[in-house]
Every structure is written in structure tokens, then in C-alpha cells.
Amino acid sequence: MLLVLTLFAFLLAACNSESGEDPGAEEDPGTEEQEENNEQEEEEEETEQEGPVEGGSIVGAMDTAPAGVFNPIFYSEAYEANILDFTHEALVSQNNSLEFIPSLAHDWEINEDQTEITLFLEEGVKWHDGEDFTADDVVFTYKSIASPGYTEAGGIRTEYVTPLKGYEAFNAGETEEFEGVTAVDDYTVKFTFAEPNVNPLYYVGFPIIPEHVFADVAIADMPTHEATLNPGKVIGTGPFAFTDMVEREQYVLTRNEDYWKGKPYLEQITWKVVDQSVITSLLETGEIDFVADPNGVPAADYEMVAGYENVEMIEQTDFGYQLMGFKLNYRTKEDVESGAINPDNWEENPDVADQKVRQAIAYAIDRPGLVEGLLYGRGSVINAPIAQQFWAYTEDVPQYEHSTEEAEALLDEAGYVDTNDDGFRENPDGEEWVLELAYPTGNKIRERSAPVIQENLEAVGIKVNLQQPKEMSAYINDIMTKDTNNGVDLYLLGWSLGSGDPDPSGLWNIEAAYNISRWNNPESDELIFKALEAPDAFDQEFRKKTYQEWQELFATDLPAVLLYAQNKIYAFNKRLNGIEPLPYSMINDPHLWWVDDAQ
Amino acid sequence: MAAIEEKQVIQTDQESIVKIEDLKKYFPIKGGILKRTVGHVKAVDGVTFDIRKGETLGIVGESGSGKSTLGRMILRLLEPTDGEILFQDHDITHLRNKHMRPFRKDMQIIFQDPFASLNTKMSVEQLIEEPLLVQTKLSKKERKEKVKELLEKVGLRASDRLKYPHEFSGGQRQRISIARALAINPKLVIADEAVSALDVSIQAQVLNLMSDLQDEFGLTYLFISHDLSVVKHISDRVGVMYLGRLAEIAPKKNIYEDPLHPYTQALLSSIPDTDVDRERDSVHLDGDLPSPSNPPSGCAFRTRCPMAHERCAEERPELQEVKDGHYVACHLYDE
Amino acid sequence: MSNEPVLQVKDLKTYFYLDDNQVARAVDDVDLTVRAGETVALVGESGSGKSITSLSIMQLINKPGKIVDGEISLLGRNLLDLSDKQMTKVRGNDVAMIFQEPMTALNPVYTVGNQIIEVLRKHKKMSKKQARLRAVELLKLVGFPRAEETIDEYPHQLSGGMRQRAMIAIAISCDPKLLIADEPTTALDVTIQAQILDLMSKMKEQLNMGLLLITHDLGVVAEYADRVLVMYGGQIVETSPKYDLFKGPKHPYTQGLLESLPSVHKELNRLGTIRGTVPPAHKFPTGCRFSSRCPHVMEQCLEKNPDLIDIEPERSVRCYLYTGDEGAKHGGDRRETSHSN
Amino acid sequence: MYKYIIRRILVFIPMLFALSIIVFALAKAAPGDPFTTMLDPNVDRQVYEDRKEALGLNDPVPVQYARWIGKAVQGDFGESIVYNGRPVMDLISARFWNTIYLGLVALFFTIIVAIPIGIYSARNPYSLLDYAATGFGFIGLAIPNFFFGLLAIYFLSIQFGWFPAQGTVSGNEVSGLKEFLDRLHHMFLPGITLGLASTATYMRYMRSEVLDVLGSDYIRTAKAKGMADRNVLYKHTLRNALIPIITLMGFEFGVLVGGAVITERVFNYPGLGTLFLDAIINRDYPIVMALTLILVYSY
């Protein structure tokens, strides 16, 4: 298998060099300058064109077909989001600084104790089928998510409604009215929270679905309803409507002539599903105009794609990171069976229990090396588990710059020394000390990082056993669901983070299911909850300070070593203009996209 | 001539080594949707005879007469459908493998195709040693000695033992088969068309070898062949089979000089002979062998028999002793 | 009955060029003559070259075999001068052949009739209807009682003997002048063998064909042949009218062969044998090819292969035992004499 | 023939039944469930637990099997978990014909390439072209499907632009004959990719079958009858040589459909293969079960 992969890589390399050389080969040695002139002329021509032109169509590529649920309240994956981002809108959206900005709501008011937010909706907004968009649609959307049977039908977005007032009663079916969301009038809607909320705008930012389409559809039938599945039937307010598809192959979006922000320039945007290995070639031939989320252009292909004359690239930091976690504690078998997450019952894992050991490991791993070697430099080393784009992120934490000396010193200090001269350190009791590193298959870069980490750690005398990589499902089962004392000390995993709020509680509070390290540090919980507590937390500066404290605690106690944050690499054909990517998506105001060669 | 008669006299005094009683083997024919048995090929259909110690009993018959099936049943390579097999007065008809083992040692078989019946991956030494390993407690050295001795006995060189079957000619391979069969001093050797695939000059060598070995080791042969000349040459008594039944069994002399069954007569007249002075029988049998799955009623031979009469269709003739030691199954000799 | 030669083979050499540059001289200097209405038996053990001889006459030798020299005259025409296309007009028409294995010699996917009709249409240019009628006639002639039905049956529906009858029907369908039968009954039971040989004899008489009967069975030879050619090691070692051969075989090989044969009508205590085995065709001894097995081997036998010399009218033998005065005498007045039977 | 078919079916039912138990047990034995890999820190883990409970995934395996088989015998293979409750049969039937068509194209390609070359090789053994065909055969068997697929895409699609690289159809705009030709055009590359290995195999089969038949007694008979070479080849040889080949091809179709997984992936061809692969990765048991049974049946 390795051989085959190598061959494969070789082929790609061969193809690259060939396609790279082709134009060069035709070139006369003396014409380079001339070409530059030509380019300049072209650029001049471009600048001569006065602003955007209407018309034309473009093709985008994604490497996996969407599952096909084109309904914001039921979709679950990034591929479906690629369609929905064009077709549906929320009351608010975010700008480049991740601040909330008006969208379907042009203004809002928040009360003093942040329990109520009243939003004033745009008037004259029409659904794709011509009906008016009103506050009732907003209420309907949130009621649907809160309604009994929503999760049973496969919905997972309850986080948007659980903090709202009256959710429990409504969800239990005790009342027809949902206190949490009410229409004040046709164009005013009020959200009421059960408790003061530090970030209410986040909760009102859910895409809205049309009441008139789904009013008579039982929530259980919604996921398989034609208005969820079929082109022409999926109705939103967005600049483009989903009009046609060849399932699993192509998905056609046609412009919404009556779009409330103005008629989009492009007539049509077609998403094609194209195998990852072919995408870059098709970019070069111009068959594909852009590649965006979720995978973009692989880092390994960056240089090659950058060499395409017709392609422009955007590189920006991803909302996420890869980590190597320490299994600090294990659950008991009983707890695993009952599904309980009870820190009082946890068993400590002595192999990584010593903070100094964890710090030594952080020093030992050559993270810049990983970024260079595996990401071709298309990424960065981060030290705290909050996305760098957030106001809450800080660099002011222990950095653990790669240093075998520091690592060795810390290990010596902790009593982990090589007592039997086998080249590996024994634990303070003089027993053999082997760290078991588990990792999943799937993400090739992550797979390749495992042996590098092993090498880094063995360089400072830590014996690491690389476990056989498992397929994701089995792996997650091992480290998260059945995380008893099953011989895993270190694990590799990556997280993508939302752009709405920096709150890390879902991943790192003690009782969070996703706290896979089973990090049991009460100080951490204290800080995490302090940052969410009203009314102090209404002040972003207060939250920022608290999160910075927490990040420092995290980086010191180290439940996980953050390995790297990979860059997102988008690419698009130069004929496409008006691309203004957001930190979390390339799809921003697509009604303003236009092409040079429109008729 | 005289010598042969002498031998016959000796035999009549001798006890049987094998007795088979009304032995039957039916092979089911599967058919229809559920692969149910829709009929039977009566390969062997009630055969009774004995083989006497030290004699060679020849069994002749055309293809489909059941002669090979018979041989294999005696060795219990095939499970009899009905009847009884006594080997040295022990009923071995239904013995399970474990209990069969001591008897296996006493019976060996030589097949027609010496190439197909020898494992090509084994050297001659391994081939001959194998039965010694299974059936005797000889030491390794003793076994090697025995192999050399056997090879020389069957007319091969002791140095041949390290070669593989494909390095030998057909006749030599048949010699290897014989050596292998003799390795554990069997009492009974069943030769199933053992010389049929060989050229005449080689066939003669092997036949002579078999006679010599019989004298030397006091072997009993059941010699199954379609070739009447060969059977005549080597046998003391001869049984003639037709469609799974024994038509006639008698001392060789009787069979060849005074055949009683019309089938035996026809068979003998069909054989081309090298005696160019002898007068030709111009009477040859008509027609084909009927299918063993649907044999004619009564006497199986009646459809081709020039002497057939009404009774032959109605009643199956039983084997009866017509002269001393001469048995025939034909209504012509009733009463 | 005409006595003119139908087939005359002279100095036929068919060699096989093996992978390792060895040459197997499978047929080497074979002369033979078959006259109309005559049955000539070609006898020999496996590896003697008798089948290669017959296939050479048909020019059905496949690579790596090749006819390297000689002359094959059929009705005065040298077949070796014919083109491939001309040869297809001879095969099945002027000369027909029957093979050993009736089980496999017929194409399993076509009916018996189809396989006869095919020949008639090719050589006799008959219409389908004519050919079918003729095929039924032929099947009746070779002894199919239900010929009208048999014609539409497939080979697997017939017994071995019946298939060989069908093969005979195919062979005689175009009234060939020469019929070559290569071990036609070896695979058959004795009672069936007699039927088939009788049938072939009858057909030979009726059609006044020459019959070249290739067999290893001396009994068959004794009963059905007129003249006998004994082959050993790719060469003819003895030729003789049948009676003389069985009464007084000359060549030590023929003698050995006859002695090693068990007989139904004779009582032998012990069979005569020929020591050793037939050497493979690329390893024939220098000198006489039988020298490695011959009980009378002499010094000169090892040096040079003896020629086939006439010792009596109609009899010749390839052996130094007969090159003395007697041999010289007879050898001197050798000529092609007509044979009457 | 119909007897044979009925018998096959009768034998098949208990086999299928036994197989369904094995497949079900295996599917359940694999660690994880459809929700294991759904890791969204914004979604309470309890939501997934509730869904599992609702879908009955926490019931004892025999209970789950009984429920599944009870519906399956009525032709209801349940609903996909990952595709949010869409009926499995809908998902399968949408892709079923794509895979069948692809298999047919591959088979057609196999036939038109393998048989003539096989015949040529057999008639001219050890000729230059025979050696070339042997070489091609080895390469065809040795090259992994996805690798050949990528080569084909790179050269025939991207470099020369002769064939589309991905998908089954250009779009929904065309119809009728145009659509048919468009689909054929799209199926060309995946078809030859899928057919490559079997083409190589069948070339060798065909060669040895023809050689066998050419060496058989009845061919000698035909030649002895004076049949011309062409007649011997076309009438007497091919019919016999093709019988085993055609029998094998019947099975090959099942193999092709089964082998379509990788090819479909590379060409992003929406057939059963891609569906199967995705379903396995996502632990979408209802799809895995239904597809396994269908694939087994097609063998």
C-alpha cells in the first residue's frame, strides 16, 4: 500500500512538472519580457473595465457529494452548507472581525440584563417563491427547532433554542406557545432568554425557513419532504435559489431576480462534485472556477495551483486546530456502560499525570517542523485552544518552543530517567515507561504526523508505541465512548470551531463529553463559567481577560498539546471578481460576484 | 500346460481369502428441481463369488460392466449399497475407518494410470515409504532398506529411489505402483486394468513381474481387465461380468475352451487373434450395451443375445453351478 | 477390384524441432504403398511414429513438427506440392481419416447431421436439402437404424461405438480413394470393436478404397489386414503380407512383439518380453534404432542403421541379420510387384 | 433452464437468510455507530444518544435483526440514518442503474477487446503481438483501478479533453438520444478503467480456451474433413471456446459491479459503489445491509 501511495505521489509530481513545463517549453528564451508586457496590458484591460457586469455563470467544486438535506434546521454537513449558504439567510451575520452585523434584521435592541433581544426585520424581502418574508417565519423556524420530535427526526440544532425561555415546556408538548420567540408585529420579532445571555446575537443568527412551505408538514416528515430535498422546492431568501441537480454530481443555483439586496450579477452557480485528485487539474483547464469549503486546495498542491496563471488563491487561518491529547483520566467501565461522565469516579492515568512530563512533551515536539514538513508551511503553531481570529485569543501563554534540552531537563526533574541504559527513560519507580499513541485513519496529514511525533519524543528518551491506526468510527469509540483504561495515553484529533462565540466549554469543561482528555481541573471550569456569567460577562473585555487566564491555565496544565492550525486555501479563476472572503467562509455576498467574460 | 493344471488342483483345496455375497452398488442419479434421486445406476447388482488364497481371479467385462466398482468395494474405497464382504472370514462390509485399518494392510490396489495414481511431488522413495510409515513400525533405516529391496524386486535400480515419477516411463511407473503396493506384504492385490495403458512389450514385462511376485510372496490377485487375452494369461479362474452382474465364473480352461454363457461366447469370438491359421468366427454381437441405469428386465444380456427366449425377459437367471466349479447365469442351463 | 496404387509415400521425413535445439526424427525415411481395395496395417507401439506418418499424409502436422522431405503421391499427385487451399480440397474428399477417440473427435456443439452435411456441402457442392438426404443415407449405411432421428442428435447422445460409426459416415461421405484409420477401435469395447472393424472392411470393399489401418493391436492386424508394415523408432522395420508375418516374423522387434502377446487361443506359461523401453524420438541410438533393446545386437548394429532390404518378394526387413547371402540375393531383385489377395 | 433457475432460487433463499445474519452480526460487531463520528461541540452528546435510542440502536442485536429482517422480507430495507431518514431503497434505486450501466460498458469493453486479441494470440502464439498482449495483460492486472483511472483522467480528459472526467451526465438540459450519447461519453473512462483488469484476464482465458480447442480432437477432425481455416476457426473453434467464456462472463458481471467501488470513487460516478463505501464509513447499517445482500445476489 505504501508503495502504491508513493507511486501515486510520484505520478502527481510528474504531472505537475509536466504541466509546469509545458508553457515554458514553448517559450522562446527572449520572449519573457514581452510576455510580462502582455500581462501588463491584460491587467490594464481589466482595469479599463468599469465595474461589475451582469450575466455569466460559474462552476464550483467540492470533493464529496452533499447528503442531500437542504434544510437549515436538518442539514448536518459542510457539503450541504455549500448550497444553503447561497439560498438561506439569518437575521444577523458576521463581518470580517466576527462582529454581528445586520442581515434580514436591519436593527435590534437588547435589554439591560440581556434577557431580551428585539429585532427589526427588513421589509420587502421575498422568498424564492414570491411570498413575503415576515416575523412569523422567524417564529416558525425557532418553534420547529424547539418542537417535540425535532431531535427524534434527526435535528441537532437545539443549542439555538435551549437557552430560550419556555423551551422545556414547549419541547415537552405542554404548551402550544413558545415564549422564547414571539412576533411583535410582521417585521418585529422578540427573543426572550431564560437567563441573562452573554452573546444573544449568536442565538438569533440561525437561518430562517419559510413558514408557508412547511406549516402543514409534521416535524418528523420535514427531513424527507420535497421542500427539503428537491431543487425548485427548496425555498429560501438568499441571492440564489436551488433550481436543479443531478444527484451526487451537480447542484445548480440560479439567481434570485428579486433579491432584496439587489439582483445578483451572476446568472448561475453550479456546484460539481469532483474527486479531490482531479480538482486542481480542472481548475487549471478552467472547467472549475472555484474551490472553497470544506477542504479547499490541499496544502501540498499550493505551489502548483499558485503556478496556474488563471487562478487566484486565498489563504487564511482555519477555525480549528489539530491536537495531541493526553488521556489524563479514564472513566470506569460502569460509567461507560451507563453513559455517565462523573469525574469523581475517574481513574488517573499515571503515565501522563505529571504536568512536567506533559510540558516536556510539548517542548519535545517540533511543531514548526510539522507545519513545514506536513503542511508545506501552510499553517501555524498555536498554543491555546481558541481560534486565532477571535478577540479572545491570546499569544500570552507558555509557548513551548521546540527544545530537546528543556524537555530533557523537565523529564529529569520529574524523575523520568533512563535507569537501565536502554536509551529510554523509565518512570520514577524505575519501571518501563511506554506511551501508547493512538490515531485515526482518514486525515493523511494527521496520519503522517504520528510517526514524526514518535520520533520527536524518542529523541528525548520517551518510548512511544504507535498503535495501529484505526478507522475514525472505531477510533472515536476507543478514545471517547469507551475511554476506560484501555491503554491509550496519547491521542490525535482535530477540531473545527464555530465562528459565533469563543466559548470553549463544549470541548474543555470537565463534564463535557468531548473533553476526551478527561481533564479534571476545577480551576478551568471556574474560569470557563466565569466568562459566561451575567452581568460581568456582558462586558467583552471581562470575558477576554477571563479567557486569557483560562488559556494560560490550559497551556500550563496542558491537557493537550496543540500541534498546528492548518490554513484554509481557497482558489478561484481570475475571471471571477467580487470575492471578499470572511474569516470562516469564502461565500460572502455572492450577489456581488461577477465575471469578466459575461455576455 | 501341465504346470497350470497342477496349480488349479492345489487351489481347490484352499480356503477363500475373500467372499462376497450378493454385493450391490447403486449410484443415485440426481434430477429435478430439488436434486432428488430419480433413479439408480446399478453398477454392481448382486454379485456373489469368492477369491481363494493364492489364486488369480480374473474379472473381465466391457466398460460399464461394474468390474472396477466391484474391486473398489472390496477394498472399501466405495461403500456397498447392499450385500456382504468377508475378508478372511471377517465381515468388513460396514467397518469404520479405524477398524478397517488392520485389513487395509492386507489389501492393495494397482490402478490403470500409473501417472495419475502417483503423487508427482513425492520421490519414489517417499512414495514407497509412505505405506510403510502408516502401517508398520519399521525404523527409518529399515524402511530405506526395504525400499531398495522392493525396487530391485520390481526390476528397478535401488538408485532410482531418489527420482520422481515423471522421470520414468509408463511401464516403470507401473513397477513403482507395484512396489508401493507390495511394500507392506499384502495378502490380496487388486489390479484394476493395471496393464491396459501399456504397450504390449512393456505389458508383457509387467505381467511376468506380477507372476513372479505372486510365486515369491504367495499373493492373491484379483485381476480386473477388459482384455480377455491378458486375463487368460494371468488368471486361474475367470469371472465374466455384464451390466453389473456375473454372467459366468469358472476355471480359466472352462471359460476359454468351453464357454457356456452366450455373452462369453460372443466376447471370445469378437477378439481378434494373431493365429492366422485359425478359422474366423464371423458371428459378432449386434447392438450397444444397454444403459446400466435402465437395464433390461430379466436377463440383462437378452437384448443382444442370439438365444434369447421369452423366459429371459421375465426372470433373472441366477448363477448356478453347471459343471464342477463352473457357474453360469443363463436360462439355457436350467435343470 | 483394381490393384493400382492409391497412395505412394517415399522417403517421408517428419521432424519435430524441440525447444532446446533438439530434433526428434519422429518419421524418418518411410516408404509405403496402399492400393485400391487393400488394407495395409501400420503397426507399432506408442512412439513408433505411426500416427505421425498418417498425419503427415493428411498434412495435419502442427508446429513444431514439419515434413522435411519425401513424396506423398495420392492418385499420382504429390500432395506436398499442393497449396494449403488445394490441400483442403483433398482432405475429406480424396482421402479421409478416422481417429482414435470417438468421444472427442466430434464437435460437441453441432449435431451429427450438421457435421456430415458440412463435408458434403464443401466437397460435393450439394444443396442443404440434398446433403441432408445423403447424410441420412450414409448414417443408414453405417448402421444407424433410426438415421432420420440420429441426424439431429448431438454427439453426447450417442455411445462410443455409435460415434465411431458417425465418424465413418463422415469419412466415406465423399467416396474417398483412401481411408486412414488411426487406432479406430482402441477406445472401444471388444464386442463393439468387432462391429466397427467389420463395418470398415465392408465399406472398403463397397467403395474399393485403400485402407491404411494404424494400430498397435496385432490381433486386429491378423484379422483385418492384407499387408503389414511394422514401425519402430520412426522407421519401417519390416514389411510383409500378413500371413507370412505372423507365421515367420523376421525382424527381432516383430518377433519380440509377437512373443510378448498373450493370446486367448494359445496357452503360454510365460510371455516373451523385449527388454527396456522405447527411447524418445530425440534420443534414438546411433546405428540401428532397435539396437538398445535387441537380443541379437551386433557390433555393426551400433554403428550404422541398416537399410530396409527385400528378403523375399513382398517382404523386406531392416536388420543386419538378413544382409548375408540370403539378404543380398533377395535384395538384388527387388521390384514393385503387384499384390493380389 | 427454468428448472435450474428455480432450483438456484430455492437454494438461494436460505443462503441469503444465513448470510443476512452474518452480515448483520458483522456490521454490528464493528466498533462505533452512525453517531460516533458526529463530533460537534455545539451539539449536546445527549442528542445523539436520544437518536440512537429512537432508532433502536441500543436494543440487543437479535432484536434489531428481527426488526430488520421482518421489514426486509416485505421489501422494506428501512431508512438511512446518515441521509436523515431517506428510504434505503430510494437511495439504492437512484444509483442502481448507474452501476449496472457502468458494469455493462465495462463488460462490453472487455468483450470487444479481450476476445479478438485472445483469438489472435491463440492463433499466433509467441508472436510479437501475443507477447504484447501478455505484457498488457500483466499490466492490466497489476495496475490498481484508481491508478489507471487517474492516468485515464489525466491524459484522455484533462490533457486531450476527449472525455469528461467526472460524473454521469453533463447536466439536465439534454434528453433523448443526446442524453444517451452524453451518458455514454461519460461512461467511457470509468468503463474502460473498470473493465481493464477483466479485459486482461479474459484475454488470457480466451487465448488458452482457443488454444485448447485448437488442440482438440474435433478440430483435427474438421481439418481432416477439408474444412478451410476460416471455417475451422469461426464455426468449430469459437463456438466451443466461447461457451466457458460466456459462462464466466455471467459471473464477471457480478465481480464488476462489486469492483466498481474504487472506480466509481475516482470518477465520482454516483453508483452503488460510492454509496456502499460511504455507508460503511458512516456505519449506515441499513444501507450496508441492503447493499451487501444485493451485491451477493449479483454474484
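The structure presented is a predicted model; accordingly, all values stated were derived computationally and were not measured. In what follows, chains carry the letters A, B, and so on, assigned in the order in which the sequence lines appear, proteins first and then strands, with residues in each chain numbered from 1.
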Under the 3.5 angstrom rule, does the side chain of T221(D) hit a backbone N or O of A105(C) as a donor-acceptor pair?
-> yes
Looking only at non-hydrogen atoms, find the nearest pair between R220(D) and L60(C) and report the distance.
-> O-CD1, 4.1 Å
Y205(D), OH atom: more than 12 neighbouring heavy atoms under 6.0 Å = no
Just wondering, are more than 12 heavy atoms of other shown residues or ligands nearer than 6.0 Å to CG in D19(C)?
-> no
How far apart are the closest heavy atoms of T88(C) and M227(D), and which atoms are they?
-> CG2-O, 4.2 Å
Reported CE-to-CG distance for the pair M103(C) and D217(D), which is rounded to 0.5 angstrom | 12.0 Å
Return the minimal non-hydrogen interatomic distance between K235(D) and Y110(C), and the atom names on each side.
-> O-OH, 2.6 Å
Interface check, chain D: of D84(C), V95(C), V119(C), most non-hydrogen pairs under 4.5 Å belong to V119(C)
Quick one: which of I170(C), L55(C), I180(C), L106(C) has the most heavy-atom pairs under 4.5 Å with chain D, could you say?
-> L106(C)
How long is the span from the OG1 atom in T104(C) to the CD1 atom in I219(D), to the nearest 0.5 Å?
-> 11.5 Å
Portion of M167(C) that has a non-hydrogen atom of chain D nearer than 4.5 angstrom | side chain
Segment of E118(C) engaging chain D (4.5 angstrom heavy-atom cut-off) = both
For the pair K122(C) (side chain) and G226(D) (backbone), establish whether a donor and an acceptor sit closer than 3.5 Å, ignoring hydrogens and angles.
-> yes
What part of D229(D) gets closer than 4.5 Å to chain C, counting heavy atoms only: side chain, backbone, both or neither?
-> neither
Quick check: are there more than 12 heavy atoms from other residues, nucleotides or ligands sitting under 6.0 Å from NZ of K66(C)?
-> no
Heavy atoms from other residues, nucleotides or ligands near CZ of F108(D) exceed 12 (cutoff 6.0 Å) | no
Proximal component of I243(D), with respect to chain C [non-hydrogen, under 4.5 Å] = side chain
Under 3.5 Å: donor-acceptor pair, side chain of K225(D), backbone of Q115(C) = yes
